[in-house]
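Just below is one structure, and these are the notes that go with it.
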Amino acid sequence: MERKLGIVSECIEGEESIDTLDRIKKAGFETFFTGHIDEPTVSALVNKADKLGLECEFIHAPFRGINYMWTPGVDYLPVYSGMKESIDTASKCGIKTVITHVSSGWHPPQVCDVGLSRYDALVEYAISKNVILAFENLRKLGNLACLMDRYENVENVKFCYDCGHEHCYTAIVPFLDFYGKKIICTHIHDNHGRDWSKPEADTDEHLLPFEGTVDYKLMMQKLDKADYRGSLMLEVFNAKYKYMTPDEFIADCYARIKKISQM
């Protein structure tokens with residue numbers, strides 16, 4: 001199955017993402033996502049992408065303080081406002097999807113009514129703006145599963161599959177088996193899996209594909225089984241690869257994601 005190939009526009013450390021778009025296009029990519037959420041920056045990215053023949057596929061909402069979504073009080077307001085701004089910007093710029101986390105760390109707060117009411121409001125807001133809200137897998141299954149079940153029949157709620165997070169945090173949880181029919185986008189990167197001698201160590205390395213132990217062949221089989229027709233999107237950065245020039249790095253990224261696409 002032919003799929004578009006993409007990469008995060010902030011993949012080159014110290015370079016403005018709008019300038020990185022030229023490198024992304026030159027390497028052969030067709031799509032990208034951004035972590036920027038302010039409308040002027042994203043609008044400029046989209047306008048340049050249109051001229052280059054690239055697609056800005058989704059915005060990744062901010063997630064610092066995401067656990068406050070599940071606690072009483074007003075501490076949740078900054079991250080909640082960031083998610084709403086992401087939705088507003090996506091709507092204004094013609095971007096169909098916003099990705100958001102639902103918890104952070106190994107011991108996030110428990111699912112509770114106050115948190116559910118906040119996500120209910122966020123989902124309703126996304127619907128009002130005709131934007132899809134996609135929840136991403138991280139360390140804990142419970143928070144994600146609760147929300148995916150709650151909005152199972154809501155068309156504007158989808159799933160963002162992160163193969164690296166699955167491998168290093170929840171390797172025994174087959175997210176594509178659970179949510180394959182709700183998947184709308186991917187985050188692809190590599191790592192060496194969970195270190196069971198230090199089970200709460202953060203082994204989310206965001207390595208280039210084939211430098212860790214993610215089973216991409218199995219991933220592709222499951223994506224095919226789910227009839228996923230969206231892009232294969234790299235979430236990798238050049239900070240660990242300074243021995244390559246930016247153009248060499250992005251070209252290498254393209255070669256690796258192309259190899260995955262042919263599995």
Side-chain angles (χ1 to χ4, degrees), residues 8 10 33-39 42 58-91 97-129 131-162 164-173 175 178-179 182-185 187 191 194-195 198-206 235:
V8 56
E10 290 75 54
F33 80 94
T34 182
H36 290 294
I37 68 169
D38 62 292
E39 192 272 333
V42 176
F58 56 86
I59 292 173
H60 198 310
F63 50 84
R64 186 179 299 276
I66 196 69
N67 283 344
Y68 289 129
M69 287 290 287
W70 302 102
T71 61
V74 297
D75 290 336
Y76 79 99
L77 286 173
V79 68
Y80 185 79
S81 296
M83 290 191 284
K84 285 188 70 176
E85 183 179 356
S86 302
I87 292 168
D88 284 335
T89 296
S91 178
T97 304
V98 168
I99 311 303
T100 184
H101 294 184
V102 300
S103 66
S104 179
W106 291 106
H107 304 285
Q110 293 292 310
V111 171
C112 61
D113 287 342
V114 68
L116 292 174
S117 68
R118 291 166 183 168
Y119 277 103
D120 285 347
L122 195 68
V123 167
E124 288 299 322
Y125 191 71
I127 291 172
S128 75
K129 297 291 184 176
V131 170
I132 292 169
L133 198 61
F135 298 126
E136 178 182 347
N137 57 294
L138 278 111
R139 292 172 182 83
K140 306 300 285 188
L141 173 61
N143 299 63
L144 175 67
C146 181
L147 294 179
M148 293 302 295
D149 285 353
R150 188 175 184 86
Y151 309 119
E152 181 178 6
N153 297 315
V154 178
E155 283 300 314
N156 282 62
V157 173
K158 300 292 185 181
F159 175 57
C160 173
Y161 173 65
D162 189 307
H165 289 170
E166 180 182 71
H167 187 57
C168 71
Y169 293 144
T170 55
I172 61 173
V173 180
F175 284 102
F178 287 139
Y179 305 126
K182 293 283 277 187
I183 184 173
I184 195 170
C185 55
H187 286 170
N191 58 67
R194 192 166 179 180
D195 182 355
K198 301 175 182 177
E200 294 188 3
D202 191 346
T203 53
D204 186 21
E205 300 170 275
H206 283 265
E235 190 179 29

Please round to the nearest 0.5 Å and tell me the distance separating atom CD1 of Ile132 and atom CD1 of Ile127. 11.0 Å

Within the distance-only criterion (no hydrogens, no angle test), does the side chain of Asn137 pair as donor or acceptor with the backbone N or O of Asp162 below 3.5 angstrom? yes

Are any of the side-chain heavy atoms of Tyr80 and Leu122 separated by less than 4.5 Å? yes

Which one of Leu116, Val157, Leu133 satisfies the side chain to side chain contact (heavy atoms under 4.5 Å, CB included) criterion with Leu147? Leu116

Any sub-3.5 Å donor-acceptor pair from Asn156's side-chain atoms to Val131's backbone N or O? yes

Is the shortest side-chain heavy-atom distance between Glu10 and Thr34 below 4.5 Å? yes

Provide the closest heavy-atom pair for Asn191 versus Gly164 in the form atom of the first, atom of the second, distance. ND2-O, 2.9 Å

4.5 Å side-chain heavy-atom contact, Met69 and Val79: yes

Hey, does the side chain of Arg194 reach the backbone of Cys168 with a donor-acceptor pair shorter than 3.5 angstrom? no

Pair Tyr161 and Phe175, ring centroids less than 6.0 Å apart: no

Think Arg118 forms a cation-pi with Tyr76, using NZ or CZ under 6.0 Å from the six-ring centre and within 45 degrees of its axis? yes

Side chain to side chain contact (heavy atoms under 4.5 Å, CB included) for Ile66 and Met83? Distances and angles first, verdict last. CA-CA 10 Å; Ile66 196 69; Met83 290 191 284; 4.0 Å; yes

Answer yes or no: does atom CG of Asp113 have more than 12 heavy-atom neighbours from other residues, nucleotides or ligands under 6.0 Å? no

Under 4.5 Å between any side-chain heavy atoms of Tyr119 and Trp70, yes or no? yes

Would the distance check show the side chain of Tyr151 and the main-chain N or O of Asp120 forming a donor-acceptor pair, the cut-off being under 3.5 Å? yes

Mind checking side-chain contact (heavy atoms from CB on, under 4.5 Å) for Tyr169 and listing every partner two or more places apart, or none if nothing turns up? Trp106, Arg139, His165, Asp202, Asp204

Return yes when atom CD of Glu155 has more than 12 non-hydrogen atoms of other residues, nucleotides or ligands closer than 6.0 Å, and no otherwise. no

Nearest atoms (heavy-atom pairs only) where Ala90 meets Val98: CB-CG2, 3.8 Å

Which residues satisfy the side-chain contact (heavy atoms from CB on, under 4.5 Å) test with Cys160, sequence neighbours excluded? Ile99, Ala134, Glu136, Cys185, His187

Judged by atom type as modelled, is there a donor-acceptor pair below 3.5 Å linking the side chain of Lys140 to the main-chain atoms of Ser104? no

In Å and rounded to the nearest 0.5 Å, what is the NE2 to CZ distance from His101 to Phe63? 5.0 Å

Going by the angle between their ring planes, with limits at 30° and 60°, are Phe33 and His60 parallel, tilted or perpendicular? tilted

Main-chain N/O of Lys129 paired to Ser91 side chain as donor or acceptor, under 3.5 Å: yes

Counting C-beta onward and ignoring hydrogens, is there a side-chain heavy-atom pair between Thr71 and Asn67 closer than 4.5 Å? no

For Val42 against Ile59, the heavy-atom pair lying closest together: CG1-CD1, 4.2 Å

His206 side chain to Glu235 backbone, donor-acceptor under 3.5 Å: yes

On the six-membered ring of Tyr125, is Lys84 placed so that its NZ or CZ lies under 6.0 angstrom from the centre and within 45° of the ring axis? yes

Indicate the atoms forming the closest heavy-atom contact of Val111 with Cys146, along with that distance. CG1-SG, 3.6 Å

What distance separates His36 NE2 from Thr89 OG1, expressed to the nearest 0.5 Å? 11.5 Å

Residues that Pro62 engages under side-chain contact (heavy atoms from CB on, under 4.5 Å), provided they are two or more places apart: Ile37, Ser86

May I ask you to decide if Tyr68's main-chain N or O and Asp75's side chain share a donor-acceptor pair within less than 3.5 Å? no

